[in-house]
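In each ligand, atom 1 is the first atom listed, and ligand 1 is the first ligand listed.
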Amino acid sequence: MSVVDTLRELKEQVDKELNDLNGSAGLEALRVKVLGKKGELTALLKGMGQLAPEERPKVGAQINEVREWLTERMNQRLNAIQAAEREAAIQSEIIDVTEPHDLPVTGSAHPITLVMDELIDCFSGLGFEVMEGPEVELDHYNFELMNLPKNHPARDAQDTFYMDDNIVLRTHTSPMQARAMLTRKPPIRIICPGRVYRADEVDATHSPVFHQMEGLVVDENVSMSDLRGTLEAFAKKLYGADVSTRFRPSFFPFTEPSAEVDLTCSACHGKGCRICKDTGWVEVLGCGMVNPKVLEMCGIDSHKYSGFAFGIGLERIAMKRYGLTDMRLLYEGDARLLGQLR
Ligand code: DAH
């Protein structure tokens, strides 16, 4: 067969194979088979030595022409195949965002946890350190060191669950005051968030399990104005600059003097509404100057040191924050509600 015939056949054969191809890998194999070092066209070039010298330029030109044609054809085909491959990749990666599907259920932090974290954040900024302690507490810490001796009438307001005569579920976070004073030296500046218990019936404003955050500062020359300033800063940081605090005289055995603190109702800005029972104020905490008797019982020299303490009800803050009038909503665990309180 003449070189010309071989070239024509090669062109036809490659053209057909190119049309049948549908992947860039196959095309590369074909390129090697025809144009590669050991390829069919290369073999023809190598075989030119056997031709008569006068034929060589003509045949050489024909081979080169076919090489160019094949190269051009292969490039065209490669472009087409690559475009098709890209298109197929795009198609396979398309996500139909309108297709119905089950969203994974993501949880959210409980509103009490959110409020607790926020208060911790706020008091940390004022230089307080977080200290945690046991929920199953000795009567000694929960009551006696808080100046509530056995049979003291003020114990009635904090009836709790007794494990035995000396071990109770703590009724408040105040025993942490004693734990802090007995293990640390002034200056003491701590907050103690946690769960507390009382033998109360469940209703819209009571639960046998709830949360408090205790605060305690003991140092030289601590005064009532430090207490006011601290709580004022806390209220404004939490609710904004237009919130006011109101101190009402009160009684707690472990503080003297004692006060209860109200904040401007955030629902009505003090005008009076359902949430604040038309008073314009919402009670959020009890506080006072640490009773010198408590300081002494906890090993602190009450002539040298003084202190203030406060106990914040976290449920109160959460209810105020989310405009809830029934505390039970916080404990029912209804994900439809809790997911909205963020
Ligand atoms: N322990 C009190 C209670 O549970 C709250 C309280 C009042 C804590 C006054 C304090 C305080 O530290 O100074 O009702």
Go through ligand 1 atom by atom and flag the ones less than 4.0 Å from a non-hydrogen atom of [X].
X    : answer
Q212 : 3 (C), 4 (O)
S174 : 1 (N), 8 (C)
F252 : 7 (C), 9 (C)
T255 : 13 (O)
Q177 : 12 (O)
G288 : 13 (O)

Notebook entry, point to check: Do the charged groups of E260 and R246 touch, with an N to O distance under 4.0 Å?
Noted result: no
Check: Any N/O of T171 closer than 3.5 Å to an N/O of ligand 1?
Finding: no
Return the residue, atom name and 0.1 Å-rounded distance of the protein heavy atom closest to [atom].
atom                    : result
atom 2 (C) of ligand 1  : F254 CZ, 3.8 Å
atom 12 (O) of ligand 1 : E214 OE2, 2.6 Å
atom 8 (C) of ligand 1  : G311 N, 3.4 Å
atom 3 (C) of ligand 1  : R198 NH2, 3.6 Å

Checklist line | Per atom 7 (C) of ligand 1, closest listed option by heavy atom (P175, G215, G307, G286) | finding: G286
Checking side-chain polar atoms at under 3.5 Å, does [X] have a donor or acceptor matched by the opposite partner on [Y]?
X    : Y    : result
N142 : T171 : yes
H211 : E315 : yes
S302 : E296 : yes

Notebook entry, point to check: Roughly how far apart are M163 CE and D139 CG, rounded to 0.5 Å?
Noted result: 13.0 Å
Note to self: Could you measure the distance from the CD atom of E137 to the CG atom of L169? Nearest 0.5 Å is fine.
What the structure shows: 10.5 Å
Check: So which of F247, F234, F123, F252 actually passes ring pair (Phe, Tyr, Trp, His ring centres under 6.0 Å) with F310?
Finding: F123
Notebook entry, point to check: In this structure, which one of M181, M131, R189, M176 forms a side chain to side chain contact (heavy atoms under 4.5 Å, CB included) with L216?
Noted result: M181
Check: Does NZ or CZ of R179 fall inside the cone over Y141's six-membered ring, less than 6.0 Å from its centre and within 45° of the axis?
Finding: yes
Margin query: Once you restrict to heavy atoms under 4.0 Å, what part of A309 touches ligand 1? Side chain, backbone, both or neither.
Written below: both
